[in-house]
K.L.:
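This is the structure, below, for whatever I ask next.
Atoms considered below: every heavy atom in the structure, side chains included; atoms not considered: hydrogens, waters and symmetry mates. Counting starts at 1 for both ligands and their atoms, following the listed order.
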Amino acid sequence: MTYITKPKFHHPALPKNTLGYTHRDYEGSVSTLCAGCGHDSISGALIEACFELSIAPHRMAKLSGIGCSSKTPTYFLGNSHGFNSVHGRMPSVLTGANLANRDLIYLGVSGDGDSASIGLGQFAHALRRGVNMVYIVENNGVYGLTKGQFSATADRGSKSKRGLTNNDNAIDLVAMALQLGATFVARSFSGDKAQLVPLIKAAIEHEGAAFIDVISPCVAFNNHTGSTKSFDYVREHNEAVNRLDFITGRPPIKVAYEPGSVEVVEQHDGTTLALKKVAADYDAHDRLGAMTFLQRHAAMGQIVTGLLFVDEEPEDLHHHFNTVEAPLNTLNENELCPGSTALEKINASLR
Ligand SMILES: Cc1ncc(C[n+]2csc(CCOP(=O)(O)OP(=O)(O)O)c2C)c(N)n1
Ligand code: SF4
Ligand SMILES: [Mg+2]
């Protein structure tokens with residue numbers, strides 16, 4: 001059984017958002033993941049973010065691959081569009097859906113096996129093309145669903161539950177996302193909702209390729225001593241560079257921090273993020289600086305979290321392709337197939 005339907009009733013006094021929806025309207029079926037799995041906390045953060053942003057559930061499209069992480073879209077946004085694709089192929093399915101209908105908000109949910117092992121090529125190309133989406137990797141360093149083999153994000157020298165040492169170098173998806181040109185790059189921890197919820201909200205508002213690597217411990221196969229993706233290890237080595245404390249619309253932000261410690265970031269759509277700096281020497285607009293900062297801190301065994309890079313003027317795939325605004329299924333036959341004269345003109349322009 002991979003899902004259990006939740007009863008529909010709820011307390012009449014549940015708070016409502018500006019669209020009149022309660023939290024329950026953003027939930028899905030009852031989770032069948034292991035009790036304590038980090039992935040369930042990420043589902044909770046996604047529900048919270050969509051509730052707080054007052055997103056109409058039918059405007060959201062969730063796509064995933066295969067894995068415990070890729071199962072999670074069943075457990076949130078039960079009233080949204082969803083497609084559970086093939087192992088490692090979520091990015092191309094998402095890209096196709098996005099090209100056909102740019103009116104929806106696209107959420108790609110994947111695992112470290114799904115994106116860093118079998119789906120590494122797909123991951124890379126979706127980011128370098130600037131597909132407008134929120135791409136979340138629920139990163140536990142193992143193939144949870146198939147019982148705990150090391151994934152490609154497992155750190156070299158880390159130990160499996162059975163005591164084997166991983167001798168392969170780890171793929172850092174954040175470092176790759178920065179190199180590939182993603183215009184919003186963040187890392188967070190499933191156990192830190194205060195950091196994760198605002199990051200998800202900001203990523204949804206970002207009009208380009210937004211990637212969030214969320215370290216999400218697997219309590220069944222990778223939460224032991226010697227693992228670098230366990231709850232204890234991540235808590236001890238977590239180095240947050242900033243905190244996204246407020247995300248508002250256009251009204252001015254009132255910030256209660258020391259002058260200079262908060263940076264205001266204007267997003268393309270007019271929304272505003274207030275970024276509280278924790279590491280004084282960190283600049284979230286400097287792609288190259290972010291890459292070296294990450295490498296330096298990784299060498300010291302630290303896991304850098306927060307909003308690591310944001311481009312305030314992102315361009316997306318539709319911009320590059322100059323595609324029509326309207327979803328393709330709303331175009332009529334003449335618009336889709338404008339006839340031989342139009343075709344001759346196109347052919348002539350290519351000669
Ligand atoms: C083409 C293909 N190869 C292998 C598998 C077996 N398989 C299913 S899930 C999975 C790994 C999942 O790991 P990850 O993406 O990290 O998700 P997690 O379960 O850890 O959340 C593998 C290898 C498959 N389903 N399809
Ligand atoms: S096996 Fe690991 S990843 Fe899968 S549900 Fe259990 S704790 Fe979560
Ligand atoms: Mg995994």
K.L.:
Ignoring water, what protein N, O or S atoms are under 2.8 Å from atom 8 (Fe) of ligand 2?
P.N.:
C37 SG

K.L.:
Measuring only between side-chain heavy atoms, which start at C-beta, is T305 closer than 4.5 Å to E239?
P.N.:
no

K.L.:
Tell me, with the steps shown, if S115 and Y135 meet side chain to side chain donor-acceptor pair (under 3.5 Å).
P.N.:
CA-CA 10 Å; S115 281; Y135 192 134; 2.5 Å; yes

K.L.:
Which ligand 2 atoms, with their elements, are less than 4.0 angstrom from a heavy-atom of F221?
P.N.:
1 (S)

K.L.:
Has the side chain of K71 got a donor or acceptor atom that lies under 3.5 Å from a matching backbone atom of N84?
P.N.:
no

K.L.:
According to the ring pair (Phe, Tyr, Trp, His ring centres under 6.0 Å) rule, which pairs have a member within residues 296-335, sequence neighbours left out?
P.N.:
F293-H297

K.L.:
Between R187 and L199, which heavy-atom pair has the shortest distance, and what is it?
P.N.:
O-CD1, 4.0 Å

K.L.:
Just grab all the ring pair (Phe, Tyr, Trp, His ring centres under 6.0 Å) pairs involving residues 32-51, residues at least two apart or on different chains.
P.N.:
H23-F51

K.L.:
For the residue pair A35 and V219, what are the closest heavy atoms and their distance?
P.N.:
O-CG2, 3.6 Å

K.L.:
Side chains of N329 and L331, heavy atoms from C-beta outward: is any pair under 4.5 Å?
P.N.:
no

K.L.:
For a side chain to side chain donor-acceptor pair (under 3.5 Å) check, start with the C-alpha distance between Y26 and N17, then their side-chain angles and the critical distance, and finish with the verdict.
P.N.:
CA-CA 11 Å; Y26 296 90; N17 62 18; 3.0 Å; yes

K.L.:
Quick check, are the ring centers of F123 and F211 under 6.0 angstrom apart?
P.N.:
yes

K.L.:
Just to be sure I understand the cut-off, which residues have at least one non-hydrogen atom under 4.0 angstrom from an atom of ligand 1?
P.N.:
H39, I66, G67, C68, S69, H87, G111, D112, G113, D114, I118, N140, V142, Y143, G144, L145, T146

